[in-house]
Amino acid sequence: MERYQPERRFRRIVWPHALPPAVVVVAVVIDLVWPPFNTFPLLATVSVTAAPLYSLAWTVTSGAVALLTGWLLSFRESGEVISRPNVIGFTTLVTLTVVAAFLNRMFAREREQLRTSRQVAEAVQRAMLPTVPERVRGLAMATRYQAAQVEALIGGDLYAVHDTPHGLRMVIGDVRGKGTQSATLVNTLLGVFHAAALQTPDLPSVVQAAEIQVRDLKAREEDAPYEDFVTAVFVEILPDRSAFRMANRGHPAPLLVHGAG
């Protein structure tokens, strides 16, 4: 059984991290090939480029490397460092390095807030869709959850399996909605299904209880978009496995896999 795990596509792209050293190399090459060219504006971008990519220490280090590179190139060309153009260039490099350090702290806080939000979203999703047992009454169970959007940790899909005195009851559904509205509908449907599956003796009563609760929720919400709705398939397998019952409420038809088809 595959536990709920959002697909980790947020892989770090390697090549942007090579931009700051690449800018330094380009500046050195240009200065060697075309000495009249002023490379200070190019070196000034090194620390700013490093700010969203590196840590604070490496951002400051990149600015120091750019400053040292500018000093060496200036000394190579004129043999002197203290000149008005060079002082202006060095001052610009130092100022932009300080600015890059502040930007780096801002980016770090935003990344931490985003990471916390993702962790909370994943915890909510795990709470709404708990682990399904691998076997129930001798039947093998397998689940897989994947949000439609790559960066979405909370989606509108739902599923649940309950072993009740009336038989094995399952539901799989999809909420048409976004954000907290979608999460509320998912939580409402799963909650009423859990209660009805344990208490009601027949599958139609379970479906009716879910429909009543969802309609009541939408009726009590202000400014609820009309396109928000829930589709679901309810399944019941009797304790003696003498019957398999299914109620489909607008959901794509389930597939029966047997043999090679």
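Below, all heavy atoms of this structure are taken into account, side chains as well, without hydrogens, waters or symmetry copies.
Between atom OH of residue Tyr54 and atom OG1 of residue Thr49 there is a gap of 9.5 Å, rounded to the nearest 0.5 Å. Taken from OG1 in Thr143 to CD in Glu134, the straight-line distance is 9.5 Å, to the nearest 0.5 Å. In this structure, CZ in Phe107 is found 5.5 Å from CG in Leu103, a value given to the nearest 0.5 Å. Within the model, atoms CG of Leu68 and CG of Leu72 stand 4.5 Å from one another, a figure rounded to the nearest 0.5 Å.
Linking Ile, Leu, Val, Met, Phe, Trp and Tyr whenever their side-chain heavy atoms come within less than 4.5 Å puts Val136 and Tyr159 in one cluster. A continuous path of Ile, Leu, Val, Met, Phe, Trp and Tyr side chains, each step under 4.5 Å between heavy atoms, connects Leu189 with Met170, placing both in one hydrophobic cluster. Under the 4.5 Å side-chain heavy-atom criterion for Ile, Leu, Val, Met, Phe, Trp and Tyr, Val161 and Val192 are members of the same hydrophobic cluster. Taken together through direct or relayed side-chain contacts under 4.5 Å among Ile, Leu, Val, Met, Phe, Trp and Tyr, Trp58 and Val48 form parts of separate hydrophobic clusters.
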Can you give each donor-acceptor pair under 3.5 Å made by side-chain atoms of residues 22-30, sequence neighbours left out, with the distance rounded to 0.1 Å?
none

Donor-acceptor pairs under 3.5 angstrom involving side-chain atoms of residues 31-44: please list them, not counting sequence neighbours.
{"unit_1": "Asp31", "atom_1": "OD2", "unit_2": "Arg76", "atom_2": "NH1", "d": "3.4"}
{"unit_1": "Asn38", "atom_1": "OD1", "unit_2": "Phe40", "atom_2": "N", "d": "3.2"}

List, one per line, each side-chain donor-acceptor pair under 3.5 Å for residues 232-246, sequence neighbours excluded.
{"unit_1": "Glu236", "atom_1": "OE1", "unit_2": "Arg245", "atom_2": "NH1", "d": "3.2"}
{"unit_1": "Glu236", "atom_1": "OE2", "unit_2": "Arg169", "atom_2": "NE", "d": "2.8"}
{"unit_1": "Glu236", "atom_1": "OE2", "unit_2": "Arg169", "atom_2": "NH2", "d": "2.7"}
{"unit_1": "Asp240", "atom_1": "OD1", "unit_2": "Ser242", "atom_2": "N", "d": "3.1"}
{"unit_1": "Asp240", "atom_1": "OD1", "unit_2": "Ser242", "atom_2": "OG", "d": "2.7"}
{"unit_1": "Asp240", "atom_1": "OD2", "unit_2": "Ser242", "atom_2": "OG", "d": "3.3"}
{"unit_1": "Arg241", "atom_1": "NH2", "unit_2": "Arg137", "atom_2": "O", "d": "2.3"}

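The heavy-atom pair separating Gly63 from Ser47 by the smallest distance is CA-CB, 3.9 Å. The two residues Leu190 and Ala160 make their nearest non-hydrogen contact at CD2-CB, 3.8 Å. Heavy-atom minimum distance, Ala66 versus Leu93: O-CD1, 3.9 Å. In this structure, Ala196 and Val206 approach most closely via the heavy-atom pair O-CG2, 3.8 Å. Of all heavy-atom pairs spanning Ala101 and Val60, the tightest one is CB-CG2, 4.5 Å. Of all heavy-atom pairs spanning Ala247 and Leu203, the tightest one is N-CD2, 4.1 Å.
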Applying side-chain contact (heavy atoms from CB on, under 4.5 Å), run through Leu168 and Met141 and close with a yes or a no. CA-CA 12 Å; Leu168 181 62; Met141 298 288 168; 3.3 Å; yes

Start with the C-alpha gap between His194 and Leu198, add the side-chain angles, then the distance that decides, and say whether side-chain contact (heavy atoms from CB on, under 4.5 Å) holds. CA-CA 7 Å; His194 176 73; Leu198 294 174; 3.7 Å; yes

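At least one donor-acceptor pair under 3.5 Å links the side chain of Asn104 to the backbone N or O of Leu56. A donor-acceptor pair under 3.5 Å is absent between the side-chain atoms of Arg249 and the main chain of Val230, judged by distance alone.
If you run side chain to side chain contact (heavy atoms under 4.5 Å, CB included) between Asp157 and each of Val186, Val175, Asp174, only Asp174 comes through.
A salt bridge links Glu112 to Arg115: at least one charged side-chain nitrogen sits closer than 4.0 Å to a carboxylate oxygen.
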